[in-house]
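The chains referred to below are lettered A, B, ... by the order of the sequence lines, with proteins before strands, and numbering in each begins at 1.
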2 protein chains.
Amino acid sequence: MSAVTYKTDKADQSRARILDAAARLFREEGYAAVSLRAIAAAAGMKGGSVYYHFESKQAIVIEVLDTGIIAVHGKVAHTIDSLPAESTAAETLRAGILAHLQALFEFSDYSSANVRIYSQVPGAARESNRRLRREYEALWGRLVERFVERGEIRFGTDTRAFILLLIGSLNATLEWFDINRGNLQGLAASYSDVLLNGVLAERETKS
Amino acid sequence: MSAVTYKTDKADQSRARILDAAARLFREEGYAAVSLRAIAAAAGMKGGSVYYHFESKQAIVIEVLDTGIIAVHGKVAHTIDSLPAESTAAETLRAGILAHLQALFEFSDYSSANVRIYSQVPGAARESNRRLRREYEALWGRLVERFVERGEIRFGTDTRAFILLLIGSLNATLEWFDINRGNLQGLAASYSDVLLNGVLAERETKS
DNA sequence: GTCTATAGCTCGATAGAC
DNA sequence: GTCTATCGAGCTATAGAC
C-alpha cells in the first residue's frame, strides 16, 4: 500500500459494487423504479450504508450514465487511432462500428442503462451526460467529414443524420442481440454492409 | 345518440384524455416516476376518478404501449398496400420508411413512450406488447423477403438484422429530430439513401 | 362521473450506535 | 464502513358521498 493511497481497498470495492448493481437495476427497471434499498441489497449492504459512498441517488445515476458513454467513446477513439494512416473510409468505419458494438456489450449494463434511462433521470444528471454524448457524436462527425472531403463518402450525405442513424441503430442492438448466442463480429459485418453499401442489389441512379 | 350507444361521450372523452396525458408523462419521465395523481391532474381530474375508467395503472400503460405500435403498423401497412403492384424495392422501402416516420411523429407521445418505457413496465404489460412488436417486424420481414427473392435486395443480406437496424434507426429519430424545425420528408429521404445505397462513394467489391 | 378521505406501503435521506 | 431506526413525504388503490 503506497503512502499516497488514502482510500481503502474496501471502500473502492464497495463503491464499485454499488455502481455495478445500480447500472444493472436501472437498465432492467428504469430510474425511478429502483430504490436505494434495492441497489444496496444487490451490492450486499443496507440502504443507509450507500450514503457513505454517494451523497444521493442522483449522484449514483450520474456516474452510471457517464461511465456508459466514456467506455464506448474511449474504445472507439482508441481503435480508430490505432489504424494505419492510409486506411480507407470502409476500413475505418467498419473498425469503428465493431469497436462501438464491442464496447456496448462489454459494458452492457452501463451502456444499456444509459440508452434506456437518459431521458428519465433528473435534469442535472441529464445535463451532465449531454456534454459527453455531444463529444462522442463529434468524434464520428470528424471521422465522416474527413472522408467526405476525400470523396470516399458520397457528397450530399447529411452528415449529422448519418451519424445519428449509425449510432441509433447500433445502440438499438442492445434491445435484441444476445451476446451469448450471436456472433458480434458477424453482427458488425452485417451492419457495416448495410450502412456502407446499402441493401439494394443495384444502386439507384442519381436523379 | 343511437340506441346502441351505451357509453356516454363524456366517459369516452375522459378516457382519451387520461391516455393522452399518460402517454406524454410516461414518455417524459418513465413509467414508475409518473403517479396516478399526476396522470389525473394532467387529464383534468383527481386521482380517484381515474379508477372509474381503468382498473389499474398497469391497464393504462398496456393501452398506451399497444396504441404506439398499432398506429405505426397500421400506417405502414396501409401505405405499402396502396402502392402500385409493380413498385420496385426502392420505391416500396422509401414509402415504408416515410410512413413509419410519419406515424412516429404523428403519435409521438405514444410511440416515444413505447420505445422508452417498454423495457421498464410490469411483465404483463410487456408481454401484451411483445406480440404486436413481433407482428410489425413480420410485416417488414415479408416485404424484404419478397424483394430478396426478386433479386432486388442483395443476396446475403441478413434479413432480420437489416429489419432491426432499420426499425431501430428510425425509432431513434424520436430522440433527436424536432418535427417543428426539421423536414420529415427530407429526413426520410436521407435515411432511405443510406439504407438503400449506403454512404460509400463507390461500393466495396465482393470478396 | 368525479369527488374526498384514507388505508397500507415504500420512498430518499438522516442520525447516531458500533 | 456498515448497521438500525426513523422522519416526512408520496405512492396505488379503495370506500363511500354527491
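- One can place OH of Y31(A) at 9 Å from C1' of dG12(C), the figure rounded to the nearest angstrom.
- Residue K57(B) is in sugar-phosphate contact alone, with no base atom involved, counting any heavy-atom pair closer than 4.0 Å across all strands shown.
- When the options V64(A), L104(A), V72(A) are evaluated for a side-chain contact (heavy atoms from CB on, under 4.5 Å) with Y110(A), the one that passes is V64(A).
- Proximity note for S35(A) (side chain, C-beta onward) versus dG12(C), dT2(C), dT2(D): the nearest is dG12(C).
- As a whole-Å value, the separation of R17(B) CZ from dT2(C) P is 7 Å.
- Under the 3.5 Å distance criterion, with hydrogens and angles disregarded, a donor-acceptor pair is assigned to the side chains of T159(B) and E145(B).
- Atom CG of L36(A) is separated from atom P of dA5(D) by 19 Å (rounded to the nearest Å).
- Here dA13(C) presents its P atom at 9 Å from CD of E55(A), a figure rounded to the nearest Å.
- At whole-Å resolution of the value, CD1 in I39(A) and P in dT10(C) are 17 Å apart.
- No side-chain donor-acceptor contact under 3.5 Å links E175(B) to the backbone of A172(B).
- Projected onto DNA chain C by closest heavy-atom contact, S14(B) and G48(A) fall at different nucleotides, the more 5' of which corresponds to S14(B).
- Whole-Å rounding puts the Y51(B) OH to dT6(C) P distance at 18 Å.
- R37(A) places its CZ atom 16 Å from the P atom of dC11(D), with the value rounded to the nearest Å.
- Each of L195(B), I80(B), L196(B) was checked for a side-chain contact (heavy atoms from CB on, under 4.5 Å) with L93(B), and the lone residue meeting it is L196(B).
- Residue contacts shown for K10(A) are limited to sugar-phosphate atoms, with no base heavy atom under 4.0 Å away.
- Residues Y52(B) and A32(A) each lie close to DNA chain C; by heavy-atom proximity, the contact nearer the 5' end of the strand is made by Y52(B).
- Here V50(B) lies out of heavy-atom contact (under 4.0 Å) with every strand.
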